[in-house]
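These numbers come from the heavy atoms of this one structure, side chains and all, not from hydrogens, waters or symmetry mates. All values reported here derive from a predicted model rather than from experimental measurement.
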Amino acid sequence: MSTNASQNAVYARIRKNPRFTELVSKRQGFATLLSVIVLTIFYGFFMVVAFNPNLIGQRLSEGSYVTVGIAAELFMFIFFWVLTAVYVKRANGEFDAITTEIIRDASKEVK
Amino acid sequence: MLARLNVALLALLAPALSFAGDAISATEKQPLNLHAIGMFVLFVSMTLGITYWAAGRTKSASDFYTAGGGITGFQNGLAIAGDYMSAATLLGLTALVYTKGVDGYIYMIAFFAGWPIILFLMAERLRNLGKFTFADITSYRLNQSKVRTMAAVSSLTVVCFYLVAQMVGAGQLIKLLFGLDYNIALFVVGALMMVYVTFGGMVATTWVQIIKACMLLAGGTLVAVLAMSQFGFSFEKMMSQAVSLHSLGEKLLFPGTLLPDPITALSLGLGLMFGTAGLPHILMRFFTVTNAKEARKSVLYASGFVAYFFNVILLMGFAAIIIVGQNPEFFEGGQIGGKIVGGGNMIAMHLAKAVGGNLLLGFLSAVAFATILAVVSGLALAGAAAISHDIYARVIRKGKATETEELRVSRFASVGLGLVAILLGIVFEKMNVAFMVALAFGIAASANFPVLILSMYWKGLTTRGAVVGGYVGLIAAVLFVVFSKSVWVTVLGNAQALFPYDQPALFSMPLAFLVTFIVSKLDNSAEAQAERAAFDDQYVRAQTGFGAAEASAH
């Protein structure tokens, strides 16, 4: 995959733009935070399954068939999906707006 | 894709799941199912119509591999969900809930949890750096020939093992559902797949997948709603009956034999999560959308559909305990609690018949067949892309092949893969092929994923590191599976497994990372210096999408 000289010049300009550094650290920080949340809950749940399976079958209230396990999993399905929605909203809005701006500035300066 | 995933899952836990072998070993042929065949013929004519339309729009390499990059996030989300949810999802997971209760739900969350991670860490970089295959990304700043050859070898290995597992499963399932002969079923699947891929490329493959996903979602929902109506839509009422009728009783609500120890649990979680992120046909889907924005949206829609459908399956499985499990019609010899007619994987089909009669049964059977077709088409396309785009155009012709030449090779490759799939399907008919999916997942997680993620995140990666690490991951995954119980004991007939776990990811994936890291670190050649220096520009493109492959104008 070859990149031509003017493209490389744009890349160099973008790198020097403090807004780019800001964008990357903000977005990467956000993505990392969300990943850590998902991985912690997910593997935490799996550890409970592995080490304390009795807790999974505990009922939330007397006479109810909604157990800790069923409730926790339904929560994960919904919560993880909500997190993807949160990320998509912020990345497609706030972050992409900054990206467009950075590219516009860099392309303009090169010409 | 869940077909594969699911078979993988079953393979990972084969000892725990006695019914896992049913789909594979079932040989009894059912009477001709006319409703099912009628609806399937309808599906096939519709998809052939789409293929005809798509063929007119498939002119460039970009059209063929990635539908010109013009698929919207919503469409791609449906297609990814379709890739992920297959016949085995519907049949295998319903059966799993039916026999094991809450264990099945635990399984499903493991299938689902990889998607948010793919979104957060990979989706936008994949779209910004890739063009047709994921090797475009790994070879972006590394040696084209060596890295692409490695990526193509592991992609084709993954695709072939998957295709075999799919074809054998398809033959058995179709024999069961439609009453068609095994070999005829293989030829029907293989021939349709070749037509879709060769003429319609990614446009046709995507639309086949979208239609199938809608059919699957609609069919599953309908069965679940009809089943729930028998309990006044009360989860509590259904559960109290299920618990009192099931032989496991209260144990239905507790984790059982599925995740016996932390190592298995962790290996399963890792293998599913990162195997998904290393499957060539899934990665390819990220190049079919217009830009990173749409790539992110695809994951949002896909994971929404998958999460929804898994919960539908949970309801179907529990409802089946009462509706199917208490009806003598569905047991051989009318003996309740005996052998299920057609084998354990038929639970979802029996439930459809019980709540919706022959018409719903026919519809769901057609959905299952459509699902298999869509899944093998996606696989064949990914394999053809590895042959024509990576090996032929970039390695053999060093990027000097014309688009027409590359396209011609990719079409021959699709036909070739179709023939190979039919042939292997016939050869492996009587064999237990469940391990092949575990192998495909292990290879994807150990050979593709480490190199891919390091190429996007780590400046220090060099050609030498990527190639050595990739091959080590590939070989380690193969050896671990060969030495595991599912091959060493079950297939080769040895007494004792040399490797105690069925899923290699927990061991082979870290090994691949480690080797890639060390070899890259020790590499001080001039090429390595240049490759590290090239990371900065790649990084800007990955982050901003500037210079990324554009959607072709349509």
Side-chain angles (χ1 to χ4, degrees), chain A residues 1-3 7-8 10-12 14-15 20 23-24 27-28 30-35 37-39 41-43 45-51 53-54 56-59 63-67 69-70 72-74 76-78 80-81 83-85 87-89 91-92 96 99-100 102-103 106-107, chain B residues 102 105-106 108-110 112-113 115-117 119-121 124 129 131 136 139-141 144 235-236 238-240 242-243 250-256 258-262 264-266 268-269 273 292-293 296-297 299-300 303-304 307-308 310-311 314 536-537 539-541 543-547:
Chain A
M1 218 155 282
S2 65
T3 45
Q7 210 168 23
N8 287 345
V10 175
Y11 287 144
I14 292 178
R15 256 198 311 277
F20 175 68
L23 166 77
V24 169
R27 187 168 58 198
Q28 198 55 55
F30 190 52
T32 310
L33 173 75
L34 294 181
S35 305
I37 294 175
V38 168
L39 291 173
I41 297 178
F42 176 71
Y43 283 106
F45 177 78
F46 262 68
M47 287 301 115
V48 175
V49 170
F51 291 110
N54 284 335
I56 300 294
Q58 218 111 82
R59 286 149 193 238
S64 165
Y65 283 88
V66 181
T67 60
I70 291 176
E73 292 206 53
L74 187 60
M76 282 193 278
F77 273 116
I78 296 168
F80 290 173
W81 188 75
L83 289 185
T84 64
Y87 180 80
V88 170
K89 189 162 175 18
N92 282 4
D96 272 5
T99 310
T100 317
I102 292 171
I103 295 176
S107 318
Chain B
V102 118
Y105 206 27
I106 295 174
M108 291 191 261
I109 193 79
F112 170 72
W115 283 107
I117 302 297
L119 170 69
F120 303 150
L121 299 182
E124 89 196 9
L129 290 174
K131 198 175 169 207
D136 290 335
S139 68
Y140 190 86
R141 67 194 157 94
Q144 291 279 325
F235 182 72
E236 299 284 345
M238 175 181 75
M239 289 303 287
S240 74
V243 168
E250 284 284 320
K251 283 201 188 122
L252 213 52
L253 303 173
F254 291 86
L258 220 50
L259 301 162
D261 61 90
T264 305
L266 206 64
L268 174 79
M273 199 176 261
K293 232 186 200 66
R296 295 186 198 107
K297 277 195 214 160
V299 181
L300 177 69
S303 56
Y308 166 77
F310 281 175
N311 282 283
L314 180 77
D536 291 345
D537 280 352
Y539 184 69
V540 175
R541 172 162 156 183
Q543 293 287 354
T544 60
F546 181 78

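If you measure heavy-atom distances from I103(A) to chain B, the contacts under 4.5 Å come from the side chain alone. At a 4.5 Å heavy-atom cutoff, the contact between T99(A) and chain B is made by side-chain atoms alone. Contact annotation for F51(A): only side-chain heavy atoms (C-beta onward) come within less than 4.5 Å of a heavy atom of chain B. For M273(B), the part lying near chain A is the side chain, with the backbone staying farther off; criterion is any non-hydrogen pair under 4.5 Å. The parts of L300(B) that come within reach of chain A are both its backbone and its side chain, each placing non-hydrogen atoms under 4.5 angstrom from that chain. Heavy-atom distances place both the backbone and the side chain of L74(A) under 4.5 Å from chain B.
Contacts with chain B were tallied for T84(A), D96(A), N92(A); N92(A) has the most, counting heavy-atom pairs under 4.5 Å. Annotation: maximal heavy-atom pairing with chain A below 4.5 Å, among G545(B), A292(B), A110(B), occurs at A110(B). Per-residue heavy-atom pair counts under 4.5 Å with chain B were compared for T32(A), L39(A), L23(A), and the maximum is reached by L39(A). Between chain A and the options V540(B), V102(B), V299(B), heavy-atom pairs under 4.5 Å are most frequent for V540(B).
Distance check, rounded to the nearest 0.5 Å: CD1 of I14(A) to CD of Q543(B) gives 11.0 Å. F80(A) contributes atom CZ, which lies 8.0 Å from atom CD1 of I117(B) (distance to the nearest 0.5 angstrom). The CG atom of L34(A) lies 8.5 Å from the CG atom of L119(B); values are rounded to the nearest 0.5 Å.
Of all heavy-atom pairs spanning I109(B) and F45(A), the tightest one is CG2-CE2, 4.4 Å. Closest heavy-atom contact between R296(B) and V88(A): O-CG2, 3.6 Å. Of all heavy-atom pairs spanning V49(A) and P255(B), the tightest one is CG1-CB, 4.0 Å. Contact between S35(A) and L121(B) at its shortest, heavy atoms only, is OG-CD2, 3.7 Å. When all heavy atoms of F254(B) and Q58(A) are compared, the closest pair comes out as CE2-N, 4.3 Å. Nearest heavy-atom pair across G63(A) and E236(B) is O-OE1, 4.0 Å.
Across Y105(B), Y308(B), W115(B), a single residue satisfies ring pair (Phe, Tyr, Trp, His ring centres under 6.0 Å) together with F77(A), and that is Y105(B). Looking at I56(A), T67(A), V66(A) one by one, the single match for side chain to side chain contact (heavy atoms under 4.5 Å, CB included) with L253(B) turns out to be T67(A).
Remark: aromatic rings of Y65(A) and F235(B) are distant, center separation not under 6.0 Å.
By the side chain to side chain contact (heavy atoms under 4.5 Å, CB included) test, L33(A) pairs with I37(A), sequence neighbours left out.
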>> side chain to side chain contact (heavy atoms under 4.5 Å, CB included), that's the test. Do V24(A) and Y539(B) meet it? Break it down for me.
In response: CA-CA 10 Å; V24(A) 169; Y539(B) 184 69; 2.8 Å; yes

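Side chain of Y11(A) to main chain of F546(B): a donor-acceptor pair is present (N/O by atom type, distance under 3.5 Å, no hydrogens or angles).
In this structure, the side chains of V38(A) and F120(B) come closer than 4.5 Å at one or more pairs of heavy atoms.
Between the side chains of R541(B) and Q7(A), no donor-acceptor pair is found at a separation under 3.5 Å.
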